[in-house]
Amino acid sequence: MSNAKVLPLLEPDEVVAPCCPPLTERPMTAEEAETAAKMFKALGDPVRLRLFSAIASHEGGEACVCDISDVGVSQPTVSHHLKKLKETGLLTSERRGTWVYYRVEPSVLAAMGKLLTTAATAA
């Protein structure tokens with residue numbers, strides 16, 4: 001008999017819904033403003049912004065923590081910043097063996113971009 005274990009199938013990550021409408025569409029609700037402010041606050045730290053950029057621009061759209069930890073701070077500090085980015089919904093992660101892989105969901109980037117774009121106006 002084999003001692004092989006059957007691993008459960010993982011459900012695909014949920015699609016992240018946009019946090020808020022474009023700023024030019026209508027005034028934000030208090031809840032929308034709170035959500036957007038948390039995202040921008042998380043990206044307001046230079047180390048977090050570098051980590052976010054490194055992950056977003058990494059080949060395949062995801063990066064192992066071992067590939068992005070060279071941002072001039074200690075590994076525990078990198079972990080702290082990655083945790084903050086995850087808590088605000090900017091990153092998702094998946095453990096593979098001993099490493100954790102992070103990714104920026106395309107819908108998050110699209111939502112952030114849409115928030116800051118102006119609606120096209122007819123001439």
Side-chain angles (χ1 to χ4, degrees):
M1 276 190 101
S2 172
N3 288 335
K5 294 181 181 178
V6 176
L7 297 175
L9 294 176
L10 297 176
E11 293 298 321
D13 291 335
E14 294 178 20
V15 174
V16 179
C19 74
C20 354
L23 293 174
T24 57
E25 184 177 299
R26 64 170 170 77
M28 287 182 168
T29 66
E31 184 178 319
E32 290 167 341
E34 184 74 26
T35 300
K38 286 178 184 176
M39 289 187 340
F40 287 116
K41 183 176 180 181
L43 291 174
D45 181 282
V47 173
R48 288 185 200 145
L49 188 55
R50 287 184 66 201
L51 288 168
F52 186 78
S53 174
I55 294 165
S57 64
H58 203 269
E59 185 178 334
E62 69 177 8
C64 173
V65 69
C66 60
D67 294 328
I68 57 168
S69 58
D70 187 22
V71 290
V73 296
S74 67
Q75 180 56 47
T77 303
V78 168
S79 295
H80 166 76
H81 287 303
L82 290 170
K83 178 182 175 187
K84 292 295 183 185
L85 290 167
K86 278 186 64 178
E87 288 174 351
T88 58
L90 293 169
L91 295 180
T92 60
S93 67
E94 177 184 357
R95 179 172 291 281
R96 298 180 196 155
T98 59
W99 296 109
V100 177
Y101 287 77
Y102 291 89
R103 82 184 129 276
V104 176
E105 293 297 328
S107 58
V108 169
L109 288 178
M112 291 177 70
K114 189 174 181 179
L115 175 67
L116 296 174
T117 59
T118 59
T121 57

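Residue numbers run from 1 in the order of the sequence given. This structure is a prediction, so every number in the text was calculated from the model and none was measured.
- What you find for C66 and C64 is that their closest heavy atoms are SG-SG, 2.6 Å.
- The closest side-chain heavy-atom distance from T88 to K41 is not below 4.5 Å.
- The CD atom of E62 sits 8.5 Å away from the OG1 atom of T92 when rounded to the nearest 0.5 Å.
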| message | Let's go through K84 and K38 carefully: what are the C-alpha distance in whole Å and the side-chain angles of both, what is the deciding distance for side-chain contact (heavy atoms from CB on, under 4.5 Å) to 0.1 Å, and is it a yes or a no? | response | CA-CA 10 Å; K84 292 295 183 185; K38 286 178 184 176; over 6 Å; no

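- Shown here for M112 and L43, the closest heavy-atom pair between the two residues is CE-CD1, 3.2 Å.
- Note that the OH atom of Y101 and the CG atom of D67 stand 7.0 Å from one another [nearest 0.5 Å].
- Evaluated for a side-chain contact (heavy atoms from CB on, under 4.5 Å) with L85, the options L91, V104, L49 yield exactly one hit, L91.
- The CG atom of L82 sits 5.0 Å away from atom CD1 of I68, with the distance rounded to the nearest 0.5 Å.
- For the atom pair S93 OG and W99 CH2, the distance stands at 14.5 Å (nearest 0.5 Å).
- Rounded to the nearest 0.5 Å, atoms CD (E34) and CE (M28) are 11.5 Å apart.
- Between H81 and V71, the closest side-chain pair of non-hydrogen atoms is not below 4.5 Å.
- In terms of modelled atom types and a separation under 3.5 Å, the side chain of S79 and the main chain of Q75 share a donor-acceptor contact.
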| said: Run Y102 and H58 through side-chain contact (heavy atoms from CB on, under 4.5 Å) and show every step you take. | reply: CA-CA 10 Å; Y102 291 89; H58 203 269; over 6 Å; no

